[in-house]
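Below is one structure, written out as C-alpha cells; comments come after it.
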Amino acid sequence: MVDAALTPTTEREPVPAWARLMLWIHKHLIFEAAGRPRIKIATAVNFHKIATVFIIYAMMNHYGNFSTGAWIYLSLHGVYGYCWLIKDLGFRDHQLDRDTAWWGALNMYLLLVAWYWLIPWLFISRQVDPSGPVLAAAVALHTLGVVTMIAADGQRHFTLKHKSGLFTGGLYAYTRNPNYLGEIMLYSAFALLADHWLAWAIVGWATVSTFLPRMYQKDHAISRHPGWAEYKARTGLLIPWGLLNGRALAARLRRP
C-alpha cells in the first residue's frame, strides 16, 4: 500500500479571495503592465535600494538631525539596501527578472516601495530619540531579519537548482516562508525606531498586500508535491511555532 502522505494530491491549497485580488493587481499593474516592456523590475527595485541611503542622509541634512539614533537608522536602513544588492547579484528572485512597461515600474513605487521612505522621514523629521534598549532591540531585530531573509533565499535558490519538489529542511523546517519572515522582521525594526502608528501601518500594508498573498500563492503551488500534508502539519505559514514552543529543541535533544 502506498502511503497517502507520499503521493501527490490533486486538491491544491486554496488561495483566499482577497489574496487573489492582490495578486491580480500586482500582475496587471506591475509585472505585466500593458505597454512595451522597457525596464527590468529588478532594476527598478535595485534603484530603490541604492537610493535609500542617500535619501535618508538628505533628510538628516534637511532637518539638521545628526543624532546617534539618526546615524544608526541610516546605517540599518541604508546598508540593508546594499545587502539586498549582494543577494541580487548572487541569486536574484526570478519574479523580479522580467521586463515591464515604465508605468508598471511607477505603479510598483506608488503601491509599495516608495512608502518605505516615509518611515525614515517619520523618524528623522520628528527628532525621535530612542532609548538604549530600543536601539539594541532594533539592531538585533534588523540583523536577525536580514540574515534570515538572505539565508532563506539562498537555500531556496540553490536547492531548486539541483532538485525539484518540496524542500523541508534548514530554515524551512518550521516555517514555510522564512524569507518573508526575515523581511517583516527587518522592516519592523525600522518601524520600532520611528515610533509612529503610520510606520507600523506601512509594514502591515506590505505584509497584507504583498507578502501574505505570495505565501498563499506558494502554498497553492507546492501543495501538489508528495509529502505536502505532513510538511504543512509541522510548519507555520510564517511563524516558526516549532521553534517558539520548544518542539524543535526537544527533537534535537532526542537525537543520538
Side-chain angles (χ1 to χ4, degrees), residues 18 22 25-26 29-30 41 43-88 105-150 177-215 238-239:
W18 66 268
M22 298 310 304
I25 291 172
H26 288 184
L29 296 186
I30 299 175
I41 294 174
T43 301
V45 172
N46 290 346
F47 174 78
H48 169 82
K49 305 299 185 183
I50 292 169
T52 294
V53 67
F54 300 103
I55 288 174
I56 296 174
Y57 187 72
M59 291 179 187
M60 292 169 63
N61 273 283
H62 180 75
Y63 291 102
N65 186 349
F66 294 96
S67 65
T68 299
W71 282 110
I72 289 176
Y73 189 100
L74 173 71
S75 176
L76 293 178
H77 201 158
V79 171
Y80 159 62
Y82 292 86
C83 293
W84 172 279
L85 293 176
I86 293 171
K87 181 180 80 77
D88 184 76
L106 176 62
N107 284 337
M108 181 181 66
Y109 274 77
L110 294 175
L111 292 173
L112 182 62
V113 297
W115 291 95
Y116 290 135
W117 288 331
L118 275 179
I119 301 179
W121 177 78
L122 288 168
F123 179 79
I124 293 167
S125 67
R126 294 166 52 242
Q127 305 283 334
V128 177
D129 183 22
S131 66
V134 169
L135 285 173
V139 171
L141 188 61
H142 178 269
T143 303
L144 288 170
V146 171
V147 170
T148 300
M149 183 265 291
I150 293 179
N177 294 282
N179 50 340
Y180 292 128
L181 175 61
E183 285 201 70
I184 293 170
M185 288 169 64
L186 69 91
Y187 281 114
S188 294
F190 306 150
L192 178 64
L193 289 175
D195 190 27
H196 194 281
W197 68 267
L198 182 55
W200 289 107
I202 291 167
V203 176
W205 167 247
T207 301
V208 172
S209 69
T210 302
F211 300 145
L212 279 172
R214 291 181 182 175
M215 292 182 214
L238 178 66
I239 307 300

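On a predicted model such as this, the values are computed, not experimentally measured, just so you know.
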With under 30° as parallel and over 60° as perpendicular, where do the rings of Y80 and H142 fit, or are they tilted in between? perpendicular
Checking the side chain of N177 only, and the main-chain atoms of M215 only, is there a donor and an acceptor separated by less than 3.5 Å? no
Does Y63 form a side-chain contact (heavy atoms from CB on, under 4.5 Å) with R126? I'd like the steps, not just the answer. CA-CA 9 Å; Y63 291 102; R126 294 166 52 242; over 6 Å; no
NE2-OG distance between H62 and S125, expressed to the nearest 0.5 angstrom: 9.0 Å
What one should report as the nearest heavy-atom pair of A189 and A138 is CB-O, 3.4 Å
With rounding to the nearest 0.5 angstrom, report the CG to CG distance, L192 to L135. 9.0 Å
Do Y57 and F54 have their ring centres less than 6.0 Å from each other? no
So how far is it from L186 CG to L181 CG, rounded to the nearest 0.5 Å? 10.0 Å
Is there a side-chain contact between W121 and I56, using heavy atoms and a 4.5 Å cut-off? no
Gap between atom CD1 of I202 and atom CH2 of W117 - 0.5 Å precision: 12.5 Å
Only one of V134, L122, V139 passes side-chain contact (heavy atoms from CB on, under 4.5 Å) with L193, and that residue is V134
Y82 vs V53 side-chain heavy atoms within contact, under 4.5 Å: yes
Which atoms form the tightest heavy-atom contact between I124 and M59, and what is the distance? CG2-O, 3.7 Å
Residue pair A191 / V203: nearest heavy atoms and the distance that separates them: CB-CG2, 4.0 Å
dist M149:CE -> I184:CD1 (nearest 0.5 Å) comes out at 12.0 Å
Using a 4.5 Å cut-off on heavy atoms from C-beta on, say whether the side chain of H196 contacts that of F123. no
Under a 3.5 Å distance rule, please check whether T52 uses its side chain to pair with a backbone N or O of H48 as donor and acceptor. yes
Please determine whether the number of non-hydrogen atoms from other residues, nucleotides or ligands lying under 6.0 Å from atom CZ of F47 exceeds 12. no
In Å and rounded to the nearest 0.5 Å, what is the CG to CZ distance from L238 to F211? 10.0 Å
Report yes if the side chains of W205 and T210 come closer than 4.5 Å at any heavy-atom pair, otherwise no. no
Indicate yes or no: at least one non-hydrogen side-chain atom of Y73 is less than 4.5 angstrom from one of I119. yes
Taking the side chain as every heavy atom from C-beta outward, state whether S188 and L141 have any pair of such atoms under 4.5 Å apart. yes
Does the side-chain contact (heavy atoms from CB on, under 4.5 Å) test come out yes or no for I25 and L111, once each step is laid out? CA-CA 10 Å; I25 291 172; L111 292 173; 4.2 Å; yes
Shortest non-hydrogen contact between W18 and P213, atoms and distance: CZ3-CG, 3.8 Å
Would you please test N179 and E183 for side-chain contact (heavy atoms from CB on, under 4.5 Å) and show each step? CA-CA 6 Å; N179 50 340; E183 285 201 70; 5.8 Å; no
Nearest heavy-atom pair of K49 and G81: which atoms, and what distance? CB-O, 3.6 Å
Pairwise side-chain contact, I86 with I150, heavy-atom cut-off 4.5 Å (strictly under): no
Between V45 and W84, is the side-chain contact (heavy atoms from CB on, under 4.5 Å) condition met? List the steps. CA-CA 10 Å; V45 172; W84 172 279; 3.8 Å; yes
Identify the heavy atoms of I30 and M108 that sit nearest to each other, and give their distance. CD1-CA, 3.8 Å
